[in-house]
Amino acid sequence: MLDINIIRGKMALASAGLKKRNIENADDLLNKLVALDDTRKRVQTILDEKLARTNALSKQIGELFKSGKRDEAEILRQESVDLKEEVSQLQDEQLKVLQNLEEELLQIPNIPHESVPLGKTPEDNEVVRKWGEFPVLASDNDLPHWDLAKKFGIFDLELGVKLTGAGFPVYTGKGAQLQRGLINFFLTQATNAGYKEVIPPLLVNETSARATGQLPDKEGQMYEMKEDPYFLIPTAEVPITNMFRGELVEEKDLPIRLTGYTPCFRREAGSYGAHVRGLNRLHQFDKIEIVQIAHPDKSYEVLEEMVAHVESLVKALELPYRVLRLCGGDLGFTSTLTYDIEVYSAAQKRWLEVSSISNFETYQTKRLMLRYKDVDGNRKLANTLNGSALALPRILAALIENNQEPDGIRMPKAIQSFVGFDKLS
RNA sequence: GGAGAAUUGGCAGAGUGGUCGAAUGCGGCGGUCUUGAAAACCGUUGUACUGUGAGGUACCGGGGGUUCGAAUCCCUCAUUCUCCGCCA
């Protein structure tokens, strides 16, 4: 949620930013918000005056009762009763205005960073850099990962259908071992880079889901519990970021770096069709998330640092990749700037998104009320950033496709000690 | 799942209807003293909204109620602790 004071202070910037997101009536929206906020202030001022009068009356009544002047007290008491009615109405009005304002604010996406390119579709994303050569696969060794899975017994989608439904793979044998090794590898790299590891709950309550913006925005994308008001997490970002909900941290402790491995659960309603075969789109998948809570002046440096970390991972896995800067039309609702990392999948002959690294500035912390105390003792909203480092399924897909050989699948050197073998056969 | 007790400021802990945003202690910050430090002493020390300012308003686990007036009374929910039951 945007801070209304940011909007008030930087009208022109906000307007230009929203237009980048192809929101044509940005000015109308913003003016409406400011008007609502004006109303909010006006109502509160009047209400405070009435309350001040009520408090003063109560004090007088108390004194009059004590000194035995019951008649005088009775007169004031009557005035107080009348005031109470007015106060009650004003409070209703205040509540309505506040709710209205919040509702409107929730409709406004974050203001894109100045470097975000113009554009409407993923084609308009800017390729920042590329790394690695496309592997050339022999004609008899160019199986897509779903065929390789059958050939080497890596995972089983049909078995998952039997147990649960489509999109819930069962990893088997060395496939399971590879999965476990990759998780360990990614976590080790993250902790070596200074991220503190956490194992969070996989179910979160409504407050948490709301604070990071999953609700109400992406309602229906999460699995919801029947008996309790809990949601299966769509990403570790939700519990990890919420660890700091309502917290006041010391400026010297910034940046705070956190990482966590969790399975992620997504309903992916309405996203069936082409390009979802095999591991390309799942309802349950494994992901290692990195999160940073940063000083507002440093958050773009931090973003670059996080991108560099993710790049180091795909490099270690020897996967050709490219870094994209998302355009205004493709940018997530809550982020100001997002880099996507895509690896090249040699058998499918396409790029697969394996990581998305975003700066949210204060968009999340406003609702989280996550602040830091600066040197002067002022409390200011911190910035949050997060990214996948990495999501497993598409990494696994590219990894096995790109490294397939007649007698098995070669493991990159960096992960051999983690997975426990140098060839999957 | 059942029974009981508790929840007050950074922490500990008073406060059972009015002048209580809240005693006191510890901690924090500033000062006096000291060559320096400690001790001692003095002062100061919650947050948010609003107002140019003086100030005003709200907040004693959350929500609701009674009352002219609630930290204090009532209802409800949550959490923690103890006991019982169940259990990896």
Side-chain angles (χ1 to χ4, degrees), chain A residues 1-9 33-106 199-211 215 225-231 239 242-254 256 263 362 364-382:
Chain A
M1 183 168 74
L2 280 175
D3 190 335
I4 184 71
N5 292 320
I6 292 178
I7 295 175
R8 296 190 85 111
L33 282 167
V34 171
L36 261 174
D37 193 44
D38 287 340
T39 306
R40 189 206 103 231
K41 287 189 188 187
R42 205 188 62 237
V43 170
Q44 188 179 337
T45 307
I46 299 171
L47 175 61
D48 281 357
E49 280 167 10
K50 299 279 182 198
L51 284 170
R53 177 70 185 145
T54 308
N55 286 343
L57 278 175
S58 295
K59 207 169 272 185
Q60 286 178 33
I61 291 168
E63 282 160 8
L64 287 171
F65 266 122
K66 256 182 201 164
S67 52
K69 297 174 183 165
R70 297 204 154 256
D71 295 347
E72 287 179 47
E74 188 53 35
I75 295 166
L76 293 184
R77 202 185 63 82
Q78 191 50 50
E79 185 184 348
S80 190
V81 171
D82 295 343
L83 256 180
K84 223 172 102 171
E85 182 57 32
E86 290 182 56
V87 164
S88 158
Q89 278 179 21
L90 280 166
Q91 278 171 336
D92 288 349
E93 195 178 338
Q94 178 184 239
L95 187 70
K96 227 179 279 171
V97 172
L98 281 173
Q99 282 174 345
N100 205 341
L101 184 60
E102 173 158 328
E103 230 166 79
E104 293 295 329
L105 276 172
L106 287 173
I199 302 179
L202 305 183
L203 293 171
V204 292
N205 58 32
E206 200 179 303
T207 310
S208 295
R210 204 166 280 283
L215 291 176
M225 295 297 111
K226 190 174 162 196
E227 306 294 346
D228 296 297
Y230 299 152
F231 299 87
N242 269 284
M243 284 167 47
F244 287 86
R245 169 153 42 87
E247 295 293 313
L248 181 66
V249 300
E250 296 296 327
E251 186 172 18
K252 64 175 167 53
D253 294 334
L254 298 177
I256 295 170
T362 59
Q364 288 186 325
T365 49
K366 172 67 187 166
R367 262 218 275 185
L368 285 164
M369 278 308 282
L370 164 50
R371 295 166 306 166
Y372 69 94
K373 208 196 286 184
D374 73 9
V375 282
D376 299 322
N378 297 317
R379 286 131 219 267
K380 294 181 179 162
L381 292 172

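Naming: A, B, ... by sequence-line order, numbering from 1 per chain. As a basis for the values below, the full set of heavy atoms in this structure was taken, side chains included, without hydrogen atoms, waters or symmetry mates. Since we're looking at a predicted model, the values are computed, not measured.
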K.L.:
Check salt bridge (charged side-chain N to carboxylate O under 4.0 Å, His left out) between A/Glu74 and all other residues, then give those that pass, not counting sequence neighbours.
P.N.:
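With neighbours one apart ignored, the set is A/Arg77.
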K.L.:
Using the C1' atoms only, state how far B/rU67 lies from B/rC73, rounded to an integer number of Å.
P.N.:
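Roughly 10 Å separates the two C1' atoms.
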K.L.:
For A/Leu98 and A/Arg40, what are the C-alpha separation, side-chain angles and deciding distance, and is it a side chain to side chain contact (heavy atoms under 4.5 Å, CB included)?
P.N.:
CA-CA 7 Å; A/Leu98 281 173; A/Arg40 189 206 103 231; 3.6 Å; yes
K.L.:
Whom does B/rA54 pair with, Watson-Crick or G-U wobble, provided both distances fall under 3.5 Å?
P.N.:
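The answer is none; no pair meets the criterion.
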K.L.:
If the C1' atom of B/rG65 is compared with that of B/rG17, how far apart are they to the nearest Å?
P.N.:
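Straight-line distance between the two C1' atoms is 16 Å.
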K.L.:
Indicate the atoms forming the closest heavy-atom contact of A/Pro201 with A/Pro239, along with that distance.
P.N.:
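It is O-CG, 3.8 Å.
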K.L.:
For B/rG21 and B/rU50, measure between their P atoms and round to the nearest Å.
P.N.:
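The same atom, P, in both gives a distance of 23 Å.
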K.L.:
Rounding to an integer number of angstrom, what distance separates B/rG18 and B/rG30 when you compare their P atoms?
P.N.:
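Here B/rG18 and B/rG30 have their P atoms 39 Å from each other.
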K.L.:
For B/rC87 and B/rG4, measure between their P atoms and round to the nearest Å.
P.N.:
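Straight-line distance between the two P atoms is 25 Å.
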K.L.:
Please name all residues satisfying side-chain contact (heavy atoms from CB on, under 4.5 Å) with A/Glu103, sequence neighbours left out, ordered by chain then number.
P.N.:
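side-chain contact (heavy atoms from CB on, under 4.5 Å) check on A/Glu103 returns nothing, list empty.
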K.L.:
Quick one: salt bridge (charged side-chain N to carboxylate O under 4.0 Å, His left out) partners of A/Arg53, sequence neighbours excluded?
P.N.:
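Residues passing salt bridge (charged side-chain N to carboxylate O under 4.0 Å, His left out) with A/Arg53: A/Glu79.
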K.L.:
Give none if B/rG25 has no partner; otherwise give the nucleotide forming a Watson-Crick or G-U wobble pair with it, both distances under 3.5 Å.
P.N.:
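When the pairing criteria are applied, B/rC11 turns out to be the nucleotide that pairs with B/rG25.
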K.L.:
Using side chain to side chain donor-acceptor pair (under 3.5 Å) as the criterion, list what pairs up with A/Asn205, not counting sequence neighbours.
P.N.:
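With sequence neighbours excluded, A/Asn205 shows a side chain to side chain donor-acceptor pair (under 3.5 Å) to A/Ser208, given in chain and number order.
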K.L.:
Distance check, P atoms only: B/rC59 and B/rG69, in whole angstrom units.
P.N.:
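Rounded to whole Å, the distance is 13 Å.
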K.L.:
State, to 0.1 Å, how close A/Thr207 and A/Asn242 come at their nearest heavy-atom pair, and which atoms those are.
P.N.:
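So the two residues come closest at O-OD1, 4.5 Å.
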K.L.:
Under 3.5 Å for both donor-acceptor distances, Watson-Crick or wobble: does B/rU80 have a partner, and if so which one?
P.N.:
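Paired with B/rU80, as far as the under-3.5 Å criterion goes, is B/rA5.
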K.L.:
Output yes when at least one side-chain N/O atom of A/Asn55 is less than 4.0 Å from OP1 or OP2 of B/rG56, else no.
P.N.:
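False: A/Asn55 side-chain N/O out of range (4.0 Å or more) of B/rG56 OP1/OP2.
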K.L.:
Using a 4.0 Å heavy-atom cut-off, write out nucleotides 46-53 of chain B from 5' to 3' as B (base contacted by protein), S (sugar-phosphate only) or - (no contact).
P.N.:
-SSBSS--
K.L.:
What integer number of Å spans the C1' atoms of B/rC29 and B/rG46?
P.N.:
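About 14 Å, rounded to a whole number of Å.
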K.L.:
Report the residues that fulfil side-chain contact (heavy atoms from CB on, under 4.5 Å) with A/Arg367, sequence neighbours left out, ordered by chain and then residue number.
P.N.:
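So A/Arg367 forms a side-chain contact (heavy atoms from CB on, under 4.5 Å) with A/Met1, A/Leu106, A/Arg210.
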K.L.:
A/Phe231: which residues meet the ring pair (Phe, Tyr, Trp, His ring centres under 6.0 Å) condition with it, sequence neighbours left out?
P.N.:
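Expected list: none.
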K.L.:
How long is the line joining CG of A/Leu248 and P of B/rC11, in whole Å?
P.N.:
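Distance, rounded to whole Å: 13 Å.
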K.L.:
Distance between the P atoms of B/rU8 and B/rC81, in whole angstroms?
P.N.:
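Those two atoms are separated by 14 Å.
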K.L.:
May I have the list of side-chain donor-acceptor pairs in residues 42-50 of chain A shorter than 3.5 Å, sequence neighbours left out?
P.N.:
from, atom 1, to, atom 2, distance (Å)
A/Thr45, OG1, A/Lys41, O, 2.8
A/Lys50, NZ, A/Glu86, OE1, 2.8

K.L.:
Could you please name the partner base of B/rU16, counting Watson-Crick and G-U wobble pairs only when both distances are under 3.5 Å?
P.N.:
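B/rU16 is paired with nothing.
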K.L.:
Could you run through nucleotides 65-79 of chain B and give me one letter per nucleotide, 5' to 3': B if any protein heavy atom sits under 4.0 Å from the base, S if only the sugar-phosphate is that close, - if neither?
P.N.:
--BBS----------
K.L.:
Taking pairing as Watson-Crick or G-U wobble with both contacts under 3.5 Å, can you name the mate of B/rG30, or confirm there isn't one?
P.N.:
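B/rG30 is paired, partner B/rC42.
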K.L.:
Let's test this: given Watson-Crick or G-U wobble pairing with both distances under 3.5 Å, identify the partner of B/rC73.
P.N.:
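Its partner is B/rG65 (Watson-Crick or G-U wobble, both distances under 3.5 Å).
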